[in-house]
Chemist: 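Sharing a structure, written as structure tokens. Questions coming.
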Protein chains: 2
Amino acid sequence: MITRKDAATFFTRGYEKYLPHVSVDCVIFGFHRAELKLLLLKWKQANIWTLPGGYIGRRESLEAAAHRVLRDRTGLKNVFLHQFHAFGSTKRKEASIRKLFGILGLPVSRDAWPLGRVISIGYYALVDFSRVRPQADYLSDTCAWHAIDERPPLAFDHDDIVTKALETLRSSLDSPSLVATLLPERFTMPELQRLHEAILGRPLDRRNFQKKMLDRGIVERLAERRTGGAHRSPFLYRFTTQT
Amino acid sequence: MITRKDAATFFTRGYEKYLPHVSVDCVIFGFHRAELKLLLLKWKQANIWTLPGGYIGRRESLEAAAHRVLRDRTGLKNVFLHQFHAFGSTKRKEASIRKLFGILGLPVSRDAWPLGRVISIGYYALVDFSRVRPQADYLSDTCAWHAIDERPPLAFDHDDIVTKALETLRSSLDSPSLVATLLPERFTMPELQRLHEAILGRPLDRRNFQKKMLDRGIVERLAERRTGGAHRSPFLYRFTTQT
DNA sequence: CCAAAAGTGTTGCAATTACACCCATGC
DNA sequence: GCATGGGTGTAATTGCAACACTTTTGG
């Protein structure tokens, strides 16, 4: 978690700890009420929304940086992050960054290192919406979920990054390891289907979906059913541990 | 093309022109005598082979940087480059770089900026072997093609980069735009097949291959045949311009 | 005429798609 | 009992892989 003190030293001596000009940005997808959600940060006292992102430590691997940045800026831990693309934005607006640091009451020298051009490596992940408590860091007012197609416009080139991440996510849906992290240990077939539909943004045929999941050995049925709901009680399933 | 003068000013004031800590590396595939080739540079008077790579200009897009670096270091122009992955190597060996610059008779101060850790964005391309004259730059002895599985061991993490590029190339073979650049305007079906086989590293069925290419509308047959060779004269084909 | 390369067609399997019917549950 | 959602099956289609036969060409 970034504190006030961290932020204060960031502009003056951050380059000692971090590589300038390279950052990671995380596109975090969640799933709630049959909708795909996106985790966004709102800058303090400014109507600027961005992806959680940050710089890379001088001796830190890209992967490790992505995990640390995500934890520091949103509180999320133990997330499966996947690199998907590098973005060479020359759009970074000095003015926005100056404004934020003005609001925070922190000094920004004229040639402060983070005002320069930044190349950003994009990572995405799917996380279990209900098991996560997003927490804004010192730089932000809010860390909150947004429905994927009702999100506010994002700063810099972050809208492009989200678009590309969603594309990648959709095309990698056939590997079950990803979606496994979004559901509880045991789940019903309709639940799994809602999740796939939310990610793909289109409806799927119930019967074909079930057949595919079972034929491919992606999930296996348990003896138990989920009772209590209206209508017929659905079976419970779980992901098979094998490949 | 990098000259002696460029190299000399590179270590001292290069950071004014380029972003430190971020580079692009190009994996250039060629095709000759039914073999997939790889374009490599050998450092001057040292047995160190690397991919053509370089730094990114401060106001230059990633894409533009990849094209410029490739041209400067190998002489190749007008190549379709595709970004495929970012590599966060912490393996960069100071010693190698000092050695090269020692050989070149160029001074390297102790805290020279290019000695630091580098994050590299990988680009790959397929080029027409016969239309290209690779030319080594000032930093290199040799700029030469190597058969993909007889290449020398590469420095830094460049072997990983090649592996990943080859993976990406293979999985993107169904989009014809890539391979189109490797063949002349008009070509025979066997020629196209050899190319696919070289990329995939395995033989393909002649008949199924032909059917697929024609059914999908990837190529269309011309009236003409290629005469002069032994055996039956094959038809000529060309890529369809649509989609 | 024959070896080697090129052109054409058939068949079977597997995955995907579309669609129809039966079962359970709460109101 | 009936609307709603959940479970099962079947036929048509598509893409891919395996395989056999005919045609052309130079030697």
Side-chain angles (χ1 to χ4, degrees), chain A residues 31 33-35 170-176 179 183-184 186-240 242-243, chain B residues 33-35 170-176 179 183-184 186-240 243:
Chain A
F31 176 64
R33 294 175 189 272
E35 265 192 327
R170 283 178 177 159
S171 69
S172 72
L173 236 192
D174 43 353
S175 72
V179 295
L183 290 170
R186 303 183 305 165
F187 50 88
T188 68
M189 193 60 79
E191 283 167 358
L192 181 60
Q193 188 181 337
R194 302 290 161 260
L195 173 53
H196 278 248
E197 288 176 336
I199 292 172
L200 292 173
R202 62 182 169 89
L204 297 170
D205 184 276
R206 200 165 51 82
R207 300 152 283 195
N208 294 334
F209 181 78
Q210 170 143 337
K211 224 182 314 166
K212 188 167 165 180
M213 290 296 133
L214 290 172
D215 286 357
R216 292 205 180 166
I218 294 172
V219 299
E220 58 187 4
R221 176 182 288 175
L222 305 173
E224 218 170 330
R225 289 162 179 267
R226 168 155 306 162
T227 57
H231 318 302
R232 182 171 182 174
S233 310
F235 281 103
L236 289 174
Y237 298 81
R238 69 171 170 213
F239 286 99
T240 54
Q242 54 182 349
T243 26
Chain B
R33 295 174 188 271
E35 264 192 329
R170 284 177 178 161
S171 69
S172 72
L173 238 192
D174 44 353
S175 74
V179 296
L183 291 170
R186 303 183 306 165
F187 49 89
T188 67
M189 195 58 80
E191 283 168 358
L192 180 60
Q193 188 181 339
R194 302 291 160 260
L195 174 52
H196 278 249
E197 289 176 335
I199 292 171
L200 292 174
R202 62 183 169 87
L204 296 171
D205 184 277
R206 200 166 49 83
R207 301 153 281 194
N208 293 333
F209 182 78
Q210 170 144 335
K211 223 181 315 164
K212 189 166 161 180
M213 290 297 133
L214 290 172
D215 286 357
R216 292 207 182 163
I218 294 172
V219 299
E220 57 187 6
R221 176 182 290 176
L222 304 172
E224 218 170 329
R225 288 162 179 268
R226 169 156 306 163
T227 58
H231 318 301
R232 182 171 181 173
S233 308
F235 281 103
L236 290 173
Y237 297 82
R238 71 171 169 213
F239 287 100
T240 54
T243 3

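Lettering follows sequence order; numbering is per chain, from 1.
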Chemist: Give the minimum heavy-atom separation between Gln193(B) and Arg206(B), together with the two atoms involved.
Modeler: OE1-CA, 3.5 Å
Chemist: Closest-nucleotide mapping onto DNA chain D: is Lys212(B) or Arg206(B) further toward the 5' terminus? I mean the 5' end.
Modeler: Lys212(B)
Chemist: With sequence neighbours left out, which residue pairs that include part of residues 219-230 of chain B fulfil the salt bridge (charged side-chain N to carboxylate O under 4.0 Å, His left out) condition?
Modeler: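 Passing the test, one end in residues 219-230 of chain B: Arg186(B)-Glu224(B), Glu191(B)-Arg226(B), Glu220(B)-Arg238(B).
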Chemist: At what distance, to the nearest 0.5 angstrom, does CG of Leu214(A) lie from OG1 of Thr240(A)?
Modeler: 10.0 Å
Chemist: Extract, from 5' to 3' on DNA chain C, the first and final nucleotides lying under 4.0 angstrom from some heavy atom of chain A.
Modeler: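 Boundary nucleotides touching chain A, in 5' to 3' order, are dA15(C) to dG26(C).
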Chemist: Please enumerate all protein N or O atoms sitting under 3.5 Å from an N or O of nucleotides 9-15 of chain D, with distances to 0.1 Å.
Modeler:
residue : atom : partner   : partner atom : Å
dT10(D) : O4   : Lys211(A) : NZ           : 2.8

Chemist: Kindly write out the residues that satisfy side-chain contact (heavy atoms from CB on, under 4.5 Å) with Lys211(B), not counting sequence neighbours, or none if the list is empty.
Modeler: Asn208(B), Asp215(B)
Chemist: Looking at dG7(D), I'd like to know if its phosphate oxygens (OP1 or OP2) sit under 4.0 Å from a side-chain N or O belonging to Gln210(A).
Modeler: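 Looking at the OP1 and OP2 atoms of dG7(D), one of them is under 4.0 Å from a side-chain N or O of Gln210(A).
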Chemist: Among residues at least two apart in sequence or on other chains, which ones pass side-chain contact (heavy atoms from CB on, under 4.5 Å) with Arg207(A)?
Modeler: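 So Arg207(A) forms a side-chain contact (heavy atoms from CB on, under 4.5 Å) with Asp205(A).
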Chemist: Which pair of non-hydrogen atoms, one from Glu35(B) and one from Ala198(B), has the smallest distance, and what is that distance?
Modeler: C-CB, 4.2 Å
Chemist: Taking only residues two or more places apart in sequence or in another chain, which ones pass salt bridge (charged side-chain N to carboxylate O under 4.0 Å, His left out) with Arg216(B)?
Modeler: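 For Arg216(B) there are no salt bridge (charged side-chain N to carboxylate O under 4.0 Å, His left out) partners, ignoring immediate neighbours.
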Chemist: Quick one: closest heavy-atom pair of Phe235(B) and Leu222(B), and the distance?
Modeler: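 Closest heavy-atom pair between Phe235(B) and Leu222(B): CD2-O, 3.8 Å.
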Chemist: Could you list by number each residue of residues 186-197 of chain B showing a heavy-atom separation from DNA chain D of less than 4.0 Å, or answer none if no residue does?
Modeler: none
Chemist: Taking ring-ring contact (aromatic ring centres under 6.0 Å, His included) as the test, write out the residues that go with Phe187(B), two or more places apart.
Modeler: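 Expected list: Phe239(B).
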Chemist: Is there a residue in residues 224-239 of chain B whose heavy atoms reach under 4.0 Å of DNA chain D, and which residues are they?
Modeler: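 Only Gly229(B), Ala230(B), His231(B), Arg232(B), Ser233(B) qualify.
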Chemist: Taking ring-ring contact (aromatic ring centres under 6.0 Å, His included) as the test, write out the residues that go with Phe31(A), two or more places apart.
Modeler: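 Phe31(A) satisfies ring-ring contact (aromatic ring centres under 6.0 Å, His included) with no other residue.
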Chemist: Nearest 0.5 Å please: distance from the CG atom of Leu173(A) over to the CZ atom of Arg170(A).
Modeler: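 Result: 9.5 Å between the selected atoms.
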Chemist: Under the side-chain contact (heavy atoms from CB on, under 4.5 Å) rule, collect the residues that match up with Arg33(A), sequence neighbours excluded.
Modeler: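 Result, side-chain contact (heavy atoms from CB on, under 4.5 Å) vs Arg33(A): none returned.
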Chemist: Of all residues at least two apart in sequence or in a different chain, which pass the side-chain contact (heavy atoms from CB on, under 4.5 Å) check with Pro184(A)?
Modeler: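 Scan of Pro184(A) (side-chain contact (heavy atoms from CB on, under 4.5 Å), adjacent residues dropped) gives Arg131(A).
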